[in-house]
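Take a look at the structure below.
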Amino acid sequence: QVQLVESGGGLVQAGGSLRLSCASSGRIFSRYEVGWFRQAPGKEREFVATINWNGGETYYADSVKGRFTISRDNAVNTVYLQMNSLKPEDTAVYYCAADWRGGRTQSDYDYWGQGTQVTVSS
């Protein structure tokens with residue numbers, strides 16, 4: 001079983017930066033693909049970024065490519081999402097998810113964190 005906890009959310013002005021962390025207590029986390037998703041009020045949960053087990057492959061949604069960077073440090077069981085040049089439309093609850101195979105849709109992941117709120121003011 002994999003347990004995930006997100007942190008690092010908060011309120012920032014447009015153009016600012018935040019770094020989200022996804023920490024795992026799971027004993028096999030280092031072998032899992034991890035994805036970041038976000039959900040704004042009244043909207044469907046959408047894919048943001050994913051990283052494979054060794055960090056060698058990453059994918060980004062077009063809306064965040066060039067601004068966000070996903071990375072992982074398996075030595076401390078943590079995946080990061082560095083968010084730069086934030087826009088008001090980035091406002092959402094951000095979730096990390098893990099699975100032994102991974103993917104780019106919500107149904108591809110078995111394990112989810114509780115989410116962390118990111119609010120970007122104009």
Side-chain angles (χ1 to χ4, degrees):
Q1 186 175 358
V2 176
Q3 300 171 13
L4 306 173
V5 178
E6 302 96 333
S7 62
L11 173 65
V12 298
Q13 292 182 312
S17 298
L18 283 174
R19 188 186 71 166
L20 306 183
S21 297
C22 175
S24 175
S25 298
R27 53 187 171 87
I28 56 173
F29 175 79
S30 63
R31 309 298 291 186
Y32 275 46
E33 183 161 334
V34 175
W36 284 97
F37 295 78
R38 66 187 183 185
Q39 187 167 22
K43 303 293 185 180
E44 295 183 355
R45 191 169 300 182
E46 65 176 355
F47 167 77
V48 175
T50 188
I51 187 167
N52 79 327
W53 72 273
N54 66 2
E57 294 185 17
T58 59
Y59 294 93
Y60 298 90
D62 288 341
S63 59
V64 306
K65 194 170 186 178
R67 299 187 298 121
F68 291 10
T69 302
I70 188 171
S71 62
R72 70 190 301 163
D73 186 349
N74 287 340
V76 294
N77 279 359
T78 302
V79 170
Y80 305 97
L81 185 68
Q82 178 67 45
M83 305 184 296
N84 299 325
S85 301
L86 284 163
K87 306 174 181 179
E89 49 263 47
D90 295 317
T91 296
V93 176
Y94 283 71
Y95 300 88
C96 67
D99 193 85
W100 70 277
R101 289 181 290 182
R104 304 180 196 178
T105 67
Q106 182 178 349
S107 61
D108 291 324
Y109 293 87
D110 290 330
Y111 303 100
W112 292 82
Q114 84 290 343
T116 185
Q117 177 70 47
V118 172
T119 303
V120 184
S121 62
S122 60

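- Of the possible donor and acceptor atoms, one in the side chain of Y60 sits under 3.5 Å from a partner among the backbone N and O of I70.
- Here the closest heavy-atom approach between residue L4 and residue Q114 is recorded as O-OE1, 3.9 Å.
- Looking only at distances, no side-chain donor or acceptor of R104 sits under 3.5 Å from a matching main-chain atom of A61.
- Summarising the geometry, atom OG1 belonging to T69 is positioned 7.0 Å from atom CD belonging to Q82; distances are rounded to the nearest 0.5 Å.
- Counting heavy atoms from C-beta on, the side chains of Y95 and E6 come closer than 4.5 Å.
- In this structure F37 satisfies the ring-ring contact (aromatic ring centres under 6.0 Å, His included) test together with F47, Y109, W112, sequence neighbours excluded.
- The pair R101-E33 does not meet the salt-bridge criterion, since no charged nitrogen lies less than 4.0 angstrom from a carboxylate oxygen.
- Here the closest non-hydrogen pair linking D90 and Y94 is O-OH, 2.7 Å.
- The environment of CD in E89 is crowded: more than 12 heavy-atom neighbours from other residues, nucleotides or ligands sit within 6.0 Å.
- Put simply, the side chain of D99 gets close to the backbone of D110: a donor and an acceptor are under 3.5 Å apart.
- In terms of hydrophobic clustering, with Ile, Leu, Val, Met, Phe, Trp and Tyr side chains grouped at heavy-atom distances under 4.5 Å, W100 and Y111 are assigned to a common cluster.
- At least one donor-acceptor pair closer than 3.5 Å links the side chain of N74 to the backbone N or O of W53.
- When side chains are defined from C-beta on, R38 does not count as touching T91, because their heavy atoms never get closer than 4.5 Å.
- Side-chain atoms of R72 and V34, non-hydrogen and from C-beta on, do get closer than 4.5 Å to each other.
- There is no path of hydrophobic side-chain contacts, each under 4.5 Å, that joins W36 to Y80.
- Counting all heavy atoms, side chain and backbone alike, V2 lies closest to A98 at CG1-CB, 4.3 Å.
- The side chain to side chain donor-acceptor pair (under 3.5 Å) test applied to S121 returns no partner, not counting sequence neighbours.
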Mind listing the side-chain donor-acceptor pairs of residues 11-24 below 3.5 Å, one per line with the distance, residues two or more places apart or on another chain?
from, atom 1, to, atom 2, distance (Å)
S17, OG, N84, OD1, 2.9
S24, OG, Q3, O, 3.4
S24, OG, G26, N, 3.0

